[in-house]
Amino acid sequence: MASLRPVVTSVRNGVQHRWSSTLIPTTREAPNDAEVPSHVLLHRAGFIRQVGAGIYDYLPLGHRVINKVAAIVREEMDAAGATEMLMPALEPFELFEGTKRDEAYGDNLFRLKDRKGRLNALAPTHEEVITQLMVGSLTSYKQLPLNIYQIQTKFRDEARPRAGLLRCREFLMKDAYSFHLTVEGPGGLNDTYDAMYRAYTNIFTRCGLDFSAVEAESGPIGGSASHEFMVNCASGEDTVLKCPASGYAANVEKCEIGVRPAPSKGYFVGEPSGALEEVHTPGCPGIDDVCVFMKVKPQHMLKSVLFRATGTPEETAKFGHEYILAVVRGDHDVNEGKVKALSGCTSIAMADPAEAIAKGFAIGFVSPRAAVGKKGVLLLVDRDAATAVDDASGKAKFWVTGGDKKDHHVKHFNWQRDLGKDPLAAGHEGANAGGLRGGDAAMMVGDVRNALAGDPSPRAAGATLVTGRGIEVGHIFKLGTKYSQAMGLSVLTPQQKKETVIMGCYGIGVSRTMAACVEMSHDEFGIVWPVALAPYHVLIVLMKHDDARQREATARLADGLSAAGVDVLIDDRDERPGVKFKDADLIGIPLRITIGDKALEQGGVEYKSRRDTGKGEVIALDAIVEKCVTTLNAK
RNA sequence: CAGGGUGUAGCUCAGCUUGGUAGAGCGUCUGGUUUGGGUCCAGAAGGCCGCAGGUUCAAAUCCUGUCACCCUGACCA
């Protein structure tokens, strides 16, 4: 039985797989609930199948792509000094209670009871688990810094899974956690954060993706600084803003706005555009409804959004206000992070409508006047809303805003005449000491809206921001001590003092990266994989699967390619040529070699790149391996 | 969570308004034909009409409930 003895080799060959021996269920039509290109194409090309809402099978082709992404991630993480481990997806629920993330995540956290009735969670991410592990493992500064990662399935009970692999309830993620004694200096958090930034740049570059690194909010994970890595793609669900002059880039939640020139006459100063007039606007609580009903443009409306301070009673008392009313122009969006920053209140949420109505706010019809004469209401006015003169036309600014009673709006609102107090009054006290106009301590002017294309850049004078769309595939955070503090992770310093460990965390959506790549790189015929992520490098299309000469040429070619480290898929199906070519375009392997009588008569085979149109070129059999390797390496 | 939509063959869908024993195309299987961009012909298999209840002599069809999935928003390391 010598022939059955396993052959052990250290030579790294590419694989040779046969279409007829694997599962590649291509379809002519996609299921009707697939809408985005990546979902349609990954389904049609036989990479994925839906199992439930936000839950997918990764078929052999899909799995190979996932593994290629993961391999690149591993190489770059390892090269950056991180080491891999594996944590469980199933965790005792108490872990999340300890850090209050059961509340922070809310319904997004999968909960399940075991047979003993104990509550467990399916992990959406692993800060608690790894911090607990470190509490039992780290004792000395000598063990730091440390950067540990894993590639593992994550669970999030998304309110609305959508867009195929782009927003799933179960997905594959690489998450890394780093531990430090200091932020600055050698071995500090900043060192590792920068190393991860470089590693991520390497990873997504090697994947062949067109991406941007942008400044971001850190979200419920908490922490101080954060960057998102976004695949640039018109169909992306996130908006990013960039300054072409300085290279500054940020997502819309984070993006600062440069200096916006103040109105020529000053904030709030100017004559009314007409007599204040009440308009009956039945059933029109929204800006869009009112604009249609009253035939005004959104930029002539004042939008007032009510927030409530949600800190502890002590925190709210210290803050001094219970509600915050943010006013922006009707065509602008309130930015919650900027409301927090300007107000100085760190925990706020949209006010509960019922509660707000009970407090006298006519939700849906609120104007800035609603903040006047009530106790504990801070009024924040965006710079673009705090004007009374339209500098472009030189005329009085025409404002429509809420009537502060149900189903009514007012027009010709003027800040000085109609606010109910003098917005120019002196007395800049406390939180309002920023020097901007804004009446008393309960009123401020500043930046509380999302940045838009055309806004001044915050990093380069004279430059304006441009917008693009992106798909988030990576996110790095400086966590600080949020988890180490809560869970008691500390080490002894050289001075023999206990010091709380400083942490960072670094995520990559592995399965989402596959989908983002398809979103970015496809055409009307199918997927166009970059070489690095393609499930196979070369597809050999065997025209006559039972022709001896063609089979022999195919075998020789496949051996040559795989020996050179090239992954080969052989389409050996008994199908008509048209079917095979259509499927070849659909699954998007970078290089296609057709073996048929036509080219063989000339002693060659037909060679075609997926990106090229047309029929391809005939290459001599003894030159084709080198041609493929050269082309693949050049990409 | 709010609003909207869809559940009929592996996939795309028709049939439902007006109740009468289940249809097409694609795919699959068989035989023939064809053989370089989703051939052509003939035949076959394949359905708890999402599930439960109700109305009726009779329900894919009407009514009630329920579940699932999708879209828009809210939400979202």
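Computed from a predicted structure; not experimentally measured. Per chain, numbering begins at 1; letters A, B, ... match sequence-line order.
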Partners passing ring-ring contact (aromatic ring centres under 6.0 Å, His included) against A:Tyr197 (at least two apart in sequence or in another chain):
A:His227, A:Phe229
Under the ring-ring contact (aromatic ring centres under 6.0 Å, His included) test, which residues partner A:Tyr58, sequence neighbours left out?
none
Contacts table for residues 20-30 of chain A: side-chain donor-acceptor under 3.5 angstrom, sequence neighbours left out:
{"unit_1": "A:Ser20", "atom_1": "OG", "unit_2": "A:Asp572", "atom_2": "OD1", "d": "3.1"}
{"unit_1": "A:Ser20", "atom_1": "OG", "unit_2": "A:Asp572", "atom_2": "OD2", "d": "2.6"}
{"unit_1": "A:Thr26", "atom_1": "OG1", "unit_2": "A:Asp583", "atom_2": "OD1", "d": "3.1"}
{"unit_1": "A:Thr26", "atom_1": "OG1", "unit_2": "A:Asp583", "atom_2": "OD2", "d": "3.2"}
{"unit_1": "A:Thr27", "atom_1": "OG1", "unit_2": "A:Glu29", "atom_2": "O", "d": "2.8"}

When the P atoms of B:rC1 and B:rC62 are considered, how many whole Å apart are they?
28 Å
How would nucleotides 6-16 of chain B be written as a contact map, 5' to 3', with B for base contact, S for sugar-phosphate-only contact and - for no contact, using protein heavy atoms under 4.0 Å?
-----BSS---
Within the modelled atom types, does a donor on one side and an acceptor on the other bring the side chain of A:Arg167 and the base of B:rC76 under 3.5 Å apart?
yes
Listed partners of A:Tyr506 passing ring-ring contact (aromatic ring centres under 6.0 Å, His included), at least two apart
none
P atom, B:rC63 versus B:rG7: distance in rounded Å?
15 Å
With a 4.0 Å cut-off on heavy atoms, is A:Asp175 in touch with a base, just the backbone sugar-phosphate, or nothing at all?
nothing
Among residues at least two apart in sequence or on other chains, which ones pass ring-ring contact (aromatic ring centres under 6.0 Å, His included) with A:Phe211?
A:Phe204
So what does A:Ala123 hit on the nucleic acid, given a heavy-atom distance under 4.0 Å: a base, only sugar-phosphate, or nothing?
nothing
For B:rA60, what is the paired nucleotide under Watson-Crick or G-U wobble rules, both distances under 3.5 Å?
none
